[in-house]
Enquirer: 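The structure under discussion is supplied below as structure tokens; questions concerning it will follow.
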Amino acid sequence: MGTWSGQPFGNDAAADWAWELDGAEGWDIVLEALEAVLDEDPASVDADAATAVIAAAEVVAHQRGRPTQSDSYTESVSAFVDRVPAPPAEIASVALRALDIATVPDGELAELWADAGEDEWAEANQRIREALSLPPLVAPAPAAPRKRTGWGWGKGNRES
């Protein structure tokens with residue numbers, strides 16, 4: 001696996017998975033990646049599946065307004081989140097459970113990172129965990145423009 005950072009999209013497998021978001025019309029692709037590991041023995045989850053889970057969890061963090069990685073590698077993520085309808089309400093809890101399974105210390109991907117002697121990967125995963133644990137940041141809907149009906153506007157300013 002070509003890896004250039006411990007960030008969620010800092011490797012070839014995650015970047016390739018993110019390209020699939022371009023054609024996605026809903027959250028099925030994200031849920032499939034997350035649910036693929038839920039019934040697995042955490043120690044037997046392969047590195048590519050774990051990588052997809054981490055990337056999918058980051059997509060959920062983006063949707064909640066709490067991205068941990070925002071750069072050129074996440075442009076597909078931002079476009080996806082802006083384009084598709086809201087995900088199922090339980091998606092953050094599913095992402096947290098899947099992330100815990102994908103990042104166990106005796107899992108294949110964690111062992112690869114341990115062999116590299118890098119803490120960056122574990123720290124990046126902890127930031128995702130925190131982002132998913134916090135309430136979503138939801139921008140308030142813009143106020144509807146007030147209609148000018150003649151009352152209270154302009155000359156005469158009649159109010160009753």
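Below, all heavy atoms of this structure are taken into account, side chains as well, without hydrogens, waters or symmetry copies. These numbers come from a predicted model, not from an experiment.
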Enquirer: Can you name the nearest heavy-atom pair linking A56 to A33, along with the distance?
Expert: CB-CB, 3.9 Å
Enquirer: Hey, could you give me each pair passing side-chain hydrogen bond (donor to acceptor under 3.5 Å, both in side chains) that has a residue in residues 30-46? Not counting sequence neighbours.
Expert: none
Enquirer: Nearest heavy-atom pair of D48 and A13: which atoms, and what distance?
Expert: OD1-CB, 3.9 Å
Enquirer: The criterion is side-chain contact (heavy atoms from CB on, under 4.5 Å); which residues satisfy it with D119, sequence neighbours excluded?
Expert: E123
Enquirer: Using side-chain heavy atoms (C-beta onward) and a distance below 4.5 Å, is L21 in contact with V77?
Expert: yes
Enquirer: Test of understanding: with side-chain hydrogen bond (donor to acceptor under 3.5 Å, both in side chains), list the residues that count as partners of T103, not counting sequence neighbours.
Expert: R129
Enquirer: Kindly assign one of parallel, tilted or perpendicular to the pair W27 and F80, based on the angle between their ring planes and the thresholds 30° and 60°.
Expert: perpendicular
Enquirer: Looking only at non-hydrogen atoms, find the nearest pair between F9 and A18 and report the distance.
Expert: CE2-CB, 3.6 Å
Enquirer: Taking C-beta and beyond as the side chain, do P136 and R66 meet within less than 4.5 Å on heavy atoms?
Expert: no
Enquirer: A side-chain contact here means heavy atoms from C-beta on lying under 4.5 Å apart; do W17 and V59 qualify?
Expert: yes
Enquirer: If you compare all heavy atoms of A50 against all heavy atoms of A102, which two are closest, and at what distance to 0.1 Å?
Expert: CB-O, 3.6 Å
Enquirer: If I take atom CG from residue L132 and atom OG from residue S93, how far apart are they, to the nearest 0.5 angstrom?
Expert: 9.5 Å
Enquirer: Going by heavy atoms in the side chains, are V30 and P87 under 4.5 Å from each other?
Expert: no
Enquirer: Answer yes if L38 and L34 sit in the same cluster of Ile, Leu, Val, Met, Phe, Trp and Tyr residues linked by side chain heavy atoms under 4.5 Å apart, and no otherwise.
Expert: yes
Enquirer: Any side-chain heavy-atom pair from N125 and R127 closer than 4.5 angstrom?
Expert: no
Enquirer: According to a hydrophobic-cluster definition based on side-chain heavy atoms being under 4.5 Å apart (Ile, Leu, Val, Met, Phe, Trp, Tyr only), do L96 and I54 belong together?
Expert: yes
Enquirer: Going by heavy atoms in the side chains, are R64 and L137 under 4.5 Å from each other?
Expert: no
Enquirer: Can you confirm whether L109 sits close enough to W121 that some side-chain heavy atom of one is under 4.5 Å from a side-chain heavy atom of the other?
Expert: yes
Enquirer: Can you give me the closest heavy-atom contact between A47 and L112, atom names plus distance?
Expert: CB-CD1, 4.0 Å
Enquirer: Does E130 have any side-chain contact (heavy atoms from CB on, under 4.5 Å) partners at least two apart in sequence or in another chain, and if so, which?
Expert: Q126
Enquirer: CD/E58 to CD1/I128 distance, rounded to the nearest 0.5 angstrom?
Expert: 5.0 Å
Enquirer: Over all heavy atoms of both residues, which pair between T68 and P8 is shortest? Give the atoms and the distance, please.
Expert: OG1-CG, 3.9 Å
Enquirer: With sequence neighbours left out, which residue pairs that include part of residues 106-115 fulfil the salt bridge (Lys or Arg N to Asp or Glu O under 4.0 Å) condition?
Expert: none
Enquirer: Among V94, I91, V81, find the one that has a side-chain contact (heavy atoms from CB on, under 4.5 Å) with V60.
Expert: I91
Enquirer: For atom CD of E90, decide whether the heavy atoms of other residues, nucleotides or ligands shown that lie under 6.0 angstrom number more than 12.
Expert: yes
Enquirer: Would you please name every residue forming a side-chain hydrogen bond (donor to acceptor under 3.5 Å, both in side chains) with D22, sequence neighbours left out?
Expert: S76
Enquirer: Within the 4.5 Å heavy-atom criterion, are P88 and L31 side-chain neighbours or not?
Expert: yes
